[in-house]
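To start, the structure under review is shown below, and the notes come after it.
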Amino acid sequence: MFHLRTCAAKLRPLTASQTVKTFSQNRPAAARTFQQIRCYSAPVAAEPFLSGTSSNYVEEMYCAWLENPKSVHKDSMAWTSLTSTRFSTCPPPLSSGDRNQHFLCGRSSVGWRFEEFLQRKWSSEKRFGLEGCEVLIPALKTIIDKSSENGVDYVIMGMPHRGRLNVLANVIRKELEQIFCQFDSKLEAADEGSGDVKYHLGMYHRRINRVTDRNITLSLVANPSHLEAADPVVMGKTKAEQFYCGDTEGKKVMSILLHGDAAFAGQGIVYETFHLSDLPSYTTHGTVHVVVNNQIGFTTDPRMARSSPYPTDVARVVNAPIFHVNSDDPEAVMYVCKVAAEWRSTFHKDVVVDLVCYRRNGHNEMDEPMFTQPLMYKQIRKQKPVLQKYAELLVSQGVVNQPEYEEEISKYDKICEEAFARSKDEKILHIKHWLDSPWPGFFTLDGQPRSMSCPSTGLTEDILTHIGNVASSVPVENFTIHGGLSRILKTRGEMVKNRTVDWALAEYMAFGSLLKEGIHIRLSGQDVERGTFSHRHHVLHDQNVDKRTCIPMNHLWPNQAPYTVCNSSLSEYGVLGFELGFAMASPNALVLWEAQFGDFHNTAQCIIDQFICPGQAKWVRQNGIVLLLPHGMEGMGPEHSSARPERFLQMCNDDPDVLPDLKEANFDINQLYDCNWVVVNCSTPGNFFHVLRRQILLPFRKPLIIFTPKSLLRHPEARSSFDEMLPGTHFQRVIPEDGPAAQNPENVKRLLFCTGKVYYDLTRERKARDMVGQVAITRIEQLSPFPFDLLLKEVQKYPNAELAWCQEEHKNQGYYDYVKPRLRTTISRAKPVWYAGRDPAAAPATGNKKTHLTELQRLLDTAFDLDVFKNFS
């Protein structure tokens, strides 16, 4: 039982003697086997730090480390061999006097003294310190060292707020004065935007790894307070960096994710991220997860925080090995971290290190933990810091003497004091100095766009024709496609001959032309390869050979950029976060995420609200991700109708009551540069083509939200001519009336503004009522930034017309609340803007087909009844 007692002592020093005794009494004496035995039952304590909980780490240590490597759910013989070799005994102690003990003592000191320094200087400030798990700093350094030794030269990290400043200072090596000046309440903000609190900021740094003498690049991704939300973002960025450097096995670029025990067990995004870890288009070939397990979540005990025995049990879903280790034993921690890094390097799969520790303070430094865990914190306050205990051990062994230890401490304290003095010279806060994903060469040296113009997004007819011909063919010999698909490709070919495009072909031409220009395109989401509505068909499947596929888009040009199209797992939160991270890595890629139906984006709302919408304002980080959200009221019920455009428009940062300077040079481009994201609802395939190309040709990057159609995919009138896509053409922010009403504008009685699919309903009804000369219809294609300049011209063109906004969505949804005040500002509130559409409702749409048609006819009646608003004038 010696090894068991040693493991227990290393694991839980406060209760080791009691737990080992209990275990020894219950464990039958028997020869060691390779059958997992779970016979230990620990009492469930009122407070977990005192006498254990149902999460029994001693048992896990015994079963996983000493008895059976397969108890971590790994069946590979190679894995069994490695763990048997590494853990045939407890982690071997370093021999007395080993130089690594000196090294470890020095590394441990910086984490502890950093927190002590912050506490002395800013005792009343929130900083979410690492006290109780200071060993995290040498642990991360060990993982990075070992990975660097194995060939990794780029490590991308994600973590919550606890310990973030310490990691920035002592792992990433952010200048200490830049960290300290963040505590100065008089510091002025220099960059545009809101900025963020200091314990959310990221960092990018390239330096020499002193252990391996190799270059290493470290990136810590900025994160919101939403715990674990950054996990898929880190994975996506890692995947992108691997892709761009040709690292197909994850040998050069890797990720490290830090977690808290309560969040790791409680946040569903952890599960979604694990499920992406081994998918062909999403794998990053292994992530090292480090759990800072302080055995409490804010004020919640483990017995209230999870149903699983261990906080790390979610990792079992992908058979990841889980190493539990006592954070008060630095040598054991370093050993485990080396093995974890070695495991990731060898097998390229996820691995988890569970640092069983405690939290010396409350949730933050201003919080009183004894309100809810009084006995636990009485014990914690008796605990010596890990460095102090380890230093005392080394002094007692004669490895170091007291003066040496004190000199090491004073040396780091002096460094902090000198940095603190320099920090007082900082007068301006530059958030851009904390950028986690720089784009060298894309902007000027001071971070500005190289121009404020956008070239034509049109293409020559030869290019359009070539792409169309490939899109309507099978570029691989002896490849049998489905008969129905043959008819679709034949229809495409006929459209090309007729110089027209539908929605799918317009998308194909936008993608294909960008690939020719060296722009990588990645389209991801549920069922995107075929398309939810069976319109895209970017991946062809041989009907006779299993798993034989063809992607014609990759056969367009001899030296084109690669096209990646990949069906995702049935996840929105995780996959959208992943694609956002992928788009962070380079501005020279078009990264798109398509929702199966627009409604489903709300399960990824955290990524939209915390990263995409405010990302540039908080972190000075541009991102060009594109969201394709199928939207339209077509009688398909409440959950397959609305992409909730009102939510996106509500979060736009423009002022509805301020008319911008319409005479400003490059007004439309400046609007795009100033906005937080772009929201469009295209009514023609040609305009969809242009907005996709514009996304890359702009000299900066903004998220693009596109409400895409469903019925318009096959609508006979939803076609565009090649003439709308030739050189000199651009994306049309507004498509004005071009029929008889525009020929005699003074005779127009009503000017209807609309966006998207409802335009086709309106034109059909107008023709049926023979009102083509009395009612003009103007389409707003770009909703945000709002096209004040073009709409002012439209209103002035029809001096006798009353103005109305028409939408198929309910009045409290859709675009009305966004458009109306801006239209009123455009015309200096000279006229009212009337409403034609569905009444307010709680649900986005009805589930009854007859009710749907009745509502549609009612809104059309309102739109074309020229007397309907007279009683309200």
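Below, all heavy atoms of this structure are taken into account, side chains as well, without hydrogens, waters or symmetry copies.
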>> I need the single residue from T755, N687, N681 that forms a side-chain hydrogen bond (donor to acceptor under 3.5 Å, both in side chains) with E781. Which is it?
In response: N687
>> A side-chain contact here means heavy atoms from C-beta on lying under 4.5 Å apart; do L540 and T549 qualify?
In response: no
> Under a 4.0 Å N-O cut-off, is there an ion pair linking D723 with R499?
Replying inline: yes
> Would K702 count as a cation-pi partner of W677, with NZ or CZ less than 6.0 Å from the six-membered ring centre and within 45° of the ring normal?
Replying inline: no
>> To the closest 0.5 Å, what do you measure between CD1 (I705) and CD1 (I625)?
In response: 8.5 Å
> Do NZ/NE/NH1/NH2 and the carboxylate oxygens of R714 and D502 come within less than 4.0 Å?
Replying inline: no
> Between R344 and D350, does at least one N-O distance fall below 4.0 Å, as a salt bridge requires?
Replying inline: no
>> Salt bridge check, E646 against R644: does any charged N sit closer than 4.0 Å to a carboxylate O?
In response: yes
>> Test your reading of the model: is there a side-chain donor-acceptor pair from D542 to the backbone of N544, 3.5 Å cut-off?
In response: yes
> Taking E579 for the side chain and W593 for the main chain, is one N or O donor matched with an acceptor at less than 3.5 Å?
Replying inline: no
>> What verdict does the side chain to side chain donor-acceptor pair (under 3.5 Å) test give for Q526 and S568, after you've listed the backbone C-alpha separation in whole Å, the side-chain angles of each residue and the deciding distance to 0.1 Å?
In response: CA-CA 5 Å; Q526 295 157 21; S568 73; 4.9 Å; no
> Any sub-3.5 Å donor-acceptor pair from H537's side-chain atoms to R530's backbone N or O?
Replying inline: no
>> For H715 and W503: C-alpha separation, side-chain torsions, deciding distance, then whether ring pair (Phe, Tyr, Trp, His ring centres under 6.0 Å) applies.
In response: CA-CA 9 Å; H715 197 293; W503 222 270; over 10 Å; no
> How long is the gap from CZ on F578 to CG on L279, to the nearest 0.5 Å?
Replying inline: 9.0 Å
> Do L698 and M452 touch side chain to side chain, with heavy atoms closer than 4.5 Å?
Replying inline: no
>> Between E228 and Y271, do the side chains contain a donor N or O and an acceptor N or O under 3.5 Å apart?
In response: no
> Does the side chain of S255 come under 3.5 Å of the side chain of T287 through a donor N or O and an acceptor N or O?
Replying inline: yes
> With Y563, which of H538, R522, H520 fulfils side-chain hydrogen bond (donor to acceptor under 3.5 Å, both in side chains)?
Replying inline: H538
>> Parallel, tilted or perpendicular, judged at 30° and 60°: which one describes the rings of F533 and F597?
In response: perpendicular
>> For a 4.5 angstrom cut-off between non-hydrogen side-chain atoms, does V221 reach R621?
In response: yes
> Under the 3.5 angstrom rule, does the side chain of H541 hit a backbone N or O of I481 as a donor-acceptor pair?
Replying inline: no
>> Taking side-chain hydrogen bond (donor to acceptor under 3.5 Å, both in side chains) as the criterion, tell me which of S277, S569, S524 meets it with Y282.
In response: S524
> Do the side chain of K618 and the main chain of P224 share a donor and acceptor less than 3.5 angstrom apart?
Replying inline: no
> Salt bridge between K252 and E241, side-chain N to carboxylate O under 4.0 Å?
Replying inline: no
> Stepwise, does the side chain to side chain contact (heavy atoms under 4.5 Å, CB included) test hold for V591 with L580?
Replying inline: CA-CA 8 Å; V591 180; L580 177 74; over 6 Å; no
>> Determine whether the aromatic ring centres of residues F600 and H640 are separated by less than 6.0 angstrom.
In response: yes
> What are the two closest non-hydrogen atoms of T603 and Y573, and how far apart are they?
Replying inline: O-CB, 3.3 Å
> At their closest point, which heavy atom of I521 faces which heavy atom of L592, and how far apart are they?
Replying inline: CG2-CD1, 3.9 Å
>> Checking N623 against Q616: is there a side-chain donor and acceptor pair closer than 3.5 Å?
In response: no
> Judged by modelled atom types alone, do Q543 and T480 share a side-chain donor-acceptor pair under 3.5 Å?
Replying inline: no
>> Treating N567 as the side-chain partner and E529 as the backbone partner, does any N or O pair qualify as donor plus acceptor under 3.5 Å?
In response: yes
>> Run Q782 and V678 through side chain to side chain contact (heavy atoms under 4.5 Å, CB included) and show every step you take.
In response: CA-CA 8 Å; Q782 178 178 291; V678 183; 4.1 Å; yes
>> With a 4.5 Å cut-off on side-chain heavy atoms, are T465 and V496 touching?
In response: yes
> Which is it for Y154 and T238 under the side chain to side chain contact (heavy atoms under 4.5 Å, CB included) test, yes or no, and what are the steps along the way?
Replying inline: CA-CA 9 Å; Y154 194 172; T238 303; over 6 Å; no
> To the nearest 0.5 Å, what is the distance between CG (L514) and CZ (R693)?
Replying inline: 5.0 Å
> For S711, does its backbone N or O pair with a side-chain atom of E634 as donor and acceptor, under 3.5 Å?
Replying inline: yes
>> Check whether T283 reaches the backbone of P280 with its side chain - one donor and one acceptor, N or O, closer than 3.5 Å.
In response: no
>> Apply side chain to side chain contact (heavy atoms under 4.5 Å, CB included) to residues F688 and L628 and explain how you reach the verdict.
In response: CA-CA 11 Å; F688 180 57; L628 303 177; 4.2 Å; yes
> Quick check: does any side chain N or O of K710 sit under 3.5 Å from a backbone N or O of G632, one acting as donor and the other as acceptor?
Replying inline: yes
> Of the non-hydrogen atoms in F700 and P449, which two are nearest, and what is the gap between them?
Replying inline: CD2-CG, 4.1 Å
> With a cut-off of 6.0 Å (strictly less than), are more than 12 heavy atoms of other residues, nucleotides or ligands near CZ of R487?
Replying inline: no
> For the residue pair Y818 and F786, does the interplanar ring angle fall in the parallel (under 30°), tilted (30 to 60°) or perpendicular (over 60°) class?
Replying inline: perpendicular
> What distance separates L489 CG from L485 CG, expressed to the nearest 0.5 Å?
Replying inline: 4.5 Å
>> Rounded at 0.5 Å granularity, tell me how far NE2 in H690 sits from OG in S456.
In response: 7.0 Å
> Where do C566 and V528 come nearest, in terms of heavy atoms and distance?
Replying inline: O-CG2, 3.4 Å
> Looking at L505 and A471, what are the two nearest heavy atoms and their distance?
Replying inline: CD1-CB, 3.8 Å
> Distance-only, no hydrogens or angles: does the Q242 side chain make a donor-acceptor pair with backbone N or O of V253 under 3.5 Å?
Replying inline: yes
> Within a strict 4.5 Å, meaning less than it, do heavy atoms of the R779 and S683 side chains meet?
Replying inline: yes
> Out of curiosity, L459 CG to F689 CZ, how far, rounded to the nearest 0.5 Å?
Replying inline: 4.0 Å
